[in-house]
Number of protein chains: 2
Amino acid sequence: MTDKPTKRPRDAEATKARILSAAKKEFAKNGLGGARVDIIANQAKANKRMIYHYFGNKEDLFQTVLEEAYVDIRTAEQKLELEHLPPREALERLVRFTWDYYLRNPEFITLVNSENLHRARHLKKSEVIEVVSRRFVNMVGGLLDRGVEQGVFRPGIDPVQLNITIAAIGYYYLTNRFTGSILFQRDLMKDEALEERLAFNIETILRLVCVSR
Amino acid sequence: MTDKPTKRPRDAEATKARILSAAKKEFAKNGLGGARVDIIANQAKANKRMIYHYFGNKEDLFQTVLEEAYVDIRTAEQKLELEHLPPREALERLVRFTWDYYLRNPEFITLVNSENLHRARHLKKSEVIEVVSRRFVNMVGGLLDRGVEQGVFRPGIDPVQLNITIAAIGYYYLTNRFTGSILFQRDLMKDEALEERLAFNIETILRLVCVSR
DNA sequence: CATAGAAGTAACCAGTTAGTGCATTATGTC
DNA sequence: GACATAATGCACTAACTGGTTACTTCTATG
């Protein structure tokens, strides 16, 4: 059997994967409008014809890339196993994770920005998205409930608002790092600045959610 | 003297202004790359030739639009007169203002996003920006100091981090309103949702900054 | 080992877009 | 009212871009 041939000159799956990876990079770098199909093809060491063969057209390719990106982050979040931690620690872990994920996957942010510029018209057509997002909101909702039960979290906090806030304080800092570094005349991306920001974010969320002691 | 002729068939200033206004709209709608010079010209009831005559090229036009947008928001912020309010009220007013400004000037957000996609290469060349931003950071810094003095704010808060956070919790919600409304399966832009978010944001910032009582 | 069909390629096309050359028209000034 | 100068308009182009046509090459399978 030819289950795992180490080298296959013609490997549809591998080519698809290379195209997706190159597309993610190019879309993230230049947005949907600015991305060039030719460049994606070259970067993927594939032919432009392959892209249209496997993915239909530029927009469909973008949609696939975007869906993949969302599934990736939601999958990673599910692996956090917040249930096995005390509420405070779980919350801090979530804030830390969100920050780290954005930091290590800057394409995610740019893809989301691009999608919002286009009024989410690709995500609207997607079907997988709703499922994975609902699961995520429930996870945070469960954590909040548990914290309230144990008397460490304030009651009445909307999990959606909390989710948005946790994302916001990391996302904004990173997506606007270029203009921010100019406006505030300091390098927002140097190590100390990043550490300082993460600490500030944890403080912000804990103060928001935890009961004052 | 012809000081204020109500109609001048040829009015350079008016044409320039119309071009800038149309450009702001088009750049905000489609980003720098997606914006079309022809559309700007038509929308401005001007000729494409005029754009190149007055602004050089597309990129320079974008830079002008962007600078104008930053000067506008910083000017509005200066008019808040936070010094005449008790610290807590002043802080709440700033959060409220930031939210309202983003809500009423959605182009500002999209322009900033576009500029960051391009790694702030236009803002880098700008000279007015630094001055107006420094003044703004100082304003918030002054407010923080005053609050600490009066014993209502916690000491040691970095005005830059606070600025970023106040901006973030409004900006993120609004820039990602399209994907957010799908992910969370609720209309993030209906009136009640907007009010709820503003209240949540005020709560977040007050809890972050004020001493627990 | 023959062959069907999948994988891959190069050249091309039609539409679009930023930018320009040049002629024309209005305006203030003497 | 003539003239210098600024404002405006039109038609054009050179480069680019998403998408396609027509073709070759490889590979699995009976």
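A note on names: the letters A, B, ... follow the listed sequences, proteins ahead of strands, and every chain is numbered from 1.
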Rounded to whole angstroms, how far apart are CZ on Arg18(B) and P on dA7(D)?
-> 13 Å
Report the relative orientation of the aromatic rings in Tyr101(A) and Phe97(A); use parallel for angles under 30°, tilted for 30 to 60°, perpendicular for over 60°.
-> tilted
Rounded to the Å, how far apart are Lys58(A) NZ and dG19(D) P?
-> 8 Å
Value in whole Å for how far the P atom of dG19(C) lies from CG of Leu61(B) | 10 Å
Is Arg74(A) close enough and on-axis enough to Phe136(A), meaning under 6.0 Å and within 45°, for cation-pi?
-> yes
Within this structure, what is the CZ-to-C1' distance between Phe55(A) and dT20(D), rounded to whole angstrom?
-> 18 Å
Considering only heavy atoms, which members of residues 34-43 of chain A lie under 4.0 Å from some atom of DNA chain D?
-> Ala35(A), Arg36(A), Val37(A)
Whole-Å distance between dT21(D) P and Asn47(A) CG?
-> 15 Å
Can you list every side chain to side chain donor-acceptor pair (under 3.5 Å) pair that touches residues 177-191 of chain A, not counting sequence neighbours?
-> Thr179(A)-Asn116(B), Arg186(A)-Asp158(B)
Please find out if less than 6.0 Å separates the ring center of Tyr171(B) from that of Tyr172(A).
-> yes
What is the distance, rounded to the nearest whole Å, between atom CG of Asn57(B) and atom C1' of dT20(C)?
-> 13 Å
Under-4.0 Å side-chain N/O to phosphate OP1/OP2 contact, Thr15(A) with dA7(C) = no
Is the distance from OP1 or OP2 of dT8(D) to the nearest side-chain N or O of His53(B) less than 4.0 Å?
-> no
Flag the pair Glu59(A) and Arg121(A) as a salt bridge only when some basic side-chain nitrogen lies within less than 4.0 angstrom of an acidic carboxylate oxygen.
-> yes
By nearest nucleotide on DNA chain D, pick out whichever of Leu32(A) and Arg49(A) is the more 5' one.
-> Leu32(A)
Separation of dA6(C) atom P from Lys16(A) atom NZ, nearest Å, is 12 Å
Base of dG9(D) paired with side chain of Lys48(B) (donor-acceptor, under 3.5 Å) = no
Do any pairs count as a side chain to side chain donor-acceptor pair (under 3.5 Å) and have a residue in residues 25-34 of chain A, sequence neighbours left out, and if so which ones?
-> Glu26(A)-Asn30(A)
Write down the distance between CE (Met50(B)) and C1' (dA18(C)), rounded to a whole number of angstrom.
-> 16 Å
May I ask you to verify if any side-chain N or O of Tyr54(A) is less than 4.0 angstrom from the OP1 or OP2 atom of dG8(C)?
-> yes
Taking only N and O in the side chain of Tyr52(A), is any of them less than 4.0 Å away from OP1 or OP2 of dT21(D)?
-> no
Would Phe108(A) and Tyr70(A) count as a close aromatic pair, with their ring centres under 6.0 Å?
-> yes
